Amino acid sequence: MATKHILIVPGDGIGQEVTAVGKKVLDKIAAKFGHTFTYDEALIGHVAIEATGNPLPDESLEKMRKSDAVLFGAVGHPKYDNDPSAKVRPEQGLLKMRKELGLYANLRPIKLFDELLGASSIKPEILKGADILFFRELTGDIYFGEKGRKNDGDTAYDIAEYSRYEVERIARKAFEAARTRRKKLCSVDKANVIETSRLWREVIQKIAPEYPDVEVEHQFVDATAMLLIKDPRRFDVVVTANLFGDILTDEASQIAGSMGMLASASVGDGTGVYEPIHGSAHDITGKGVANPLASILSAALLLDISFGMKAESEAVINAVDQVLKAGFRTRDIADQQIPADKILGTEAIGAEVLKHL
């Protein structure tokens, strides 16, 4: 039995809908296993800008620091997407949260439930058995470097920067994870043309002898993008920089059939943040059709990584698996063979997961 304080940060769009379902799953786990989970909520993103003018208010950041874990939704709003001149943007809150909480490692498990082999656009015989764990560095690279305009705004620049220490700390997490899996690590860079990638590869090569039981492969990012689709089963643990990881993990969502199935954990040395990899999806916000399974699986990651509750985490994953085996789907993961009465909305498929818990 344990007492833990969880901060719910729904954010924008469907983030508010899917985190509500994720919280219900955490409540059910607490009741089933005899734990006590207390909750609070905080603002971030567009809703925070509307309420306070700040995409990450100080009050929200303080609540994050004081919590044992954060269940996060999504940030973003269409009004900012086509307005390059906007000085305050929802995504600034997300980047500040990662920096202030020291969330330098983003873990994204890419594992396909067998029942969803038909939901992907990739052939089932290529997909079956794929199981990849991405480690994306989260607080360096071009996202956090100096950026600006010059020449009367006609020239723009973003500086990519990494220190040896930043690469070392995520590399060690990836090597340690590889030891618990198939003992294969693929480090992705662009060392043939980019200096930060040359440092990245140099650091990986220096650390590798400390893990003689782990097979290390260095791969250029463009080759990785191709091989993820051609032969995803060749990968075990993948470690890469912030920008490359952002793109590759979204591409890899096709392995799982939909972004609505992929959870992630952002961790460092303090409070961990757990969130689905999908965005705020304002085109379906309020329609009750968003897939909450990634938020539910993010709750499973939270239980495992932040709380060390492996049995509880497995119970959540197994419940999702049983719901899929029973033929239930949300519309984003439903192929043409799924009967209409098996295609459920956000609340209904969440209720099915709760039944199996």
Side-chain angles (χ1 to χ4, degrees), residues 95 98-110 130-147 157-228 231-252 264-273 301 304-306:
L95 295 177
R98 292 169 179 171
K99 199 73 172 179
E100 292 294 327
L101 296 182
L103 304 173
Y104 63 83
N106 181 241
L107 284 65
R108 294 191 178 186
I110 311 290
D131 181 3
I132 309 169
L133 178 58
F134 274 91
F135 278 78
R136 169 191 169 194
E137 200 288 324
L138 208 56
T139 57
D141 208 353
I142 205 165
Y143 293 1
F144 289 93
E146 182 184 344
K147 55 187 84 270
Y157 60 90
D158 297 272
I159 296 177
E161 187 172 84
Y162 267 118
S163 69
R164 186 176 300 274
Y165 167 70
E166 288 174 313
V167 182
E168 283 179 349
R169 62 184 181 179
I170 192 165
R172 293 188 187 282
K173 280 190 176 291
F175 271 108
E176 292 293 341
R179 276 185 160 171
T180 68
R181 292 167 53 94
R182 289 185 284 139
K183 297 181 169 56
K184 294 175 63 179
L185 177 71
C186 179
S187 175
V188 178
D189 59 38
K190 192 63 177 170
N192 54 338
V193 292
I194 299 177
E195 192 61 35
T196 49
S197 279
R198 294 187 184 112
L199 173 66
W200 185 280
R201 184 170 294 207
E202 178 185 318
V203 171
I204 300 292
Q205 288 173 332
K206 184 177 180 181
I207 291 175
E210 299 177 27
Y211 300 87
D213 51 329
V214 176
E215 176 189 341
V216 179
E217 177 184 18
H218 298 276
Q219 206 168 82
F220 293 144
V221 63
D222 40 0
T224 306
M226 179 269 293
L227 288 168
L228 273 174
D231 185 16
R233 287 176 295 190
R234 66 173 284 148
F235 296 102
D236 180 19
V237 175
V238 178
V239 63
T240 192
N242 203 345
L243 177 61
F244 298 156
D246 192 0
I247 297 166
L248 290 174
T249 51
D250 280 4
E251 179 196 4
S264 77
S266 298
V267 299
D269 300 319
T271 305
V273 176
L301 277 179
D304 183 5
I305 296 174
S306 276

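As the structure is a prediction and not an experimental result, all values here were calculated from the model.
Looking only at side-chain heavy atoms (C-beta outward), Arg201 and Asn192 stay at 4.5 Å or farther from each other. Taking 4.5 Å as the limit, some side-chain heavy atom of Phe144 sits within range of a side-chain heavy atom of Asn242. Within the 4.5 Å cutoff, no side-chain heavy atoms of Tyr211 are placed close to those of Lys183. The closest side-chain heavy-atom distance from Leu107 to Ile305 is below 4.5 Å. Between Tyr104 and Asp269 the shortest side-chain heavy-atom distance falls below 4.5 Å. Looking only at side-chain heavy atoms (C-beta outward), Phe175 and Val239 stay at 4.5 Å or farther from each other.
Nearest heavy atom pair, residue Ser187 against residue Trp200, reads OG-NE1, 3.0 Å. The shortest non-hydrogen separation linking Ala225 to Glu251 is O-OE2, 2.5 Å. Taking every heavy atom of both residues into account, Ala174 and Val237 meet most closely at O-CG1, 3.8 Å. In plain terms, the two heavy atoms of Ala252 and Ile110 that are nearest each other are O-CG2, 3.6 Å. Closest of all the heavy-atom pairs between Ala130 and Arg233 is N-CG, 3.7 Å. Scanning all heavy atoms of the two residues, the minimum distance from Ala265 to Leu301 falls at N-CD1, 4.0 Å.
Between Glu202 and Arg164 there is a salt bridge, since a side-chain N of the basic residue sits under 4.0 Å from a carboxylate O of the acidic one. Salt bridge Asp246/Arg136: present, at least one basic N to carboxylate O contact under 4.0 Å. Ionic pairing of Arg198 and Asp189 is not present here: no N-O contact between side-chain nitrogen and carboxylate oxygen is shorter than 4.0 angstrom.
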Do Glu195 and Ser197 pass the side-chain hydrogen bond (donor to acceptor under 3.5 Å, both in side chains) test, and can you show the C-alpha distance, the side-chain angles, and the key distance before you say yes or no? CA-CA 5 Å; Glu195 192 61 35; Ser197 279; over 6 Å; no
Would Glu168 and Lys206 count as a salt bridge (charged side-chain N to carboxylate O under 4.0 Å, His left out) if you check the C-alpha gap in whole Å, the side-chain angles of each, and the deciding distance to 0.1 Å? CA-CA 9 Å; Glu168 283 179 349; Lys206 184 177 180 181; 5.2 Å; no
Any chance you could lay out the side-chain contact (heavy atoms from CB on, under 4.5 Å) test for Asp222 and Lys190, step after step, and finish with the verdict? CA-CA 8 Å; Asp222 40 0; Lys190 192 63 177 170; 2.8 Å; yes
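How far CG of Leu228 is from CZ of Arg234: 9.5 Å, rounded to the nearest 0.5 Å. Atoms CZ and CD1, on Arg169 and Ile207 in that order, are 12.5 Å from each other to the nearest 0.5 Å. One finds the CG atom of Leu138 at 7.5 Å from the CD1 atom of Ile170 (value rounded to the nearest 0.5 Å). In this structure, Tyr157 OH and Glu146 CD are separated by 4.5 Å, a value rounded to the nearest 0.5 Å. Note that CG of Asp141 is 12.5 Å distant from CD1 of Ile159, once rounded to the nearest 0.5 Å. Note that CD1 of Ile132 and NZ of Lys184 are 10.5 Å apart. Values are rounded to the nearest 0.5 Å.
Side chain of Thr240 to main chain of Val188: a donor-acceptor pair is present (N/O by atom type, distance under 3.5 Å, no hydrogens or angles). A donor-acceptor pair under 3.5 Å is formed between the side chain of Asp236 and the backbone N or O of Arg182. For Arg98 (side chain) and Ser266 (main-chain N/O), no donor-acceptor pair under 3.5 Å exists by modelled atom type. Under a 3.5 Å cut-off, the side chain of Glu137 and the backbone N or O of Thr139 do form a donor-acceptor pair.
More than 12 heavy atoms of other residues, nucleotides or ligands sit less than 6.0 Å from atom NZ of Lys147.
Taking the ring centre of Phe135 as origin, the terminal cationic atom of Lys173 falls outside the region bounded by 6.0 Å and 45° from the ring axis.
With sequence neighbours left out, Glu161 forms a side-chain contact (heavy atoms from CB on, under 4.5 Å) with no residue at all.
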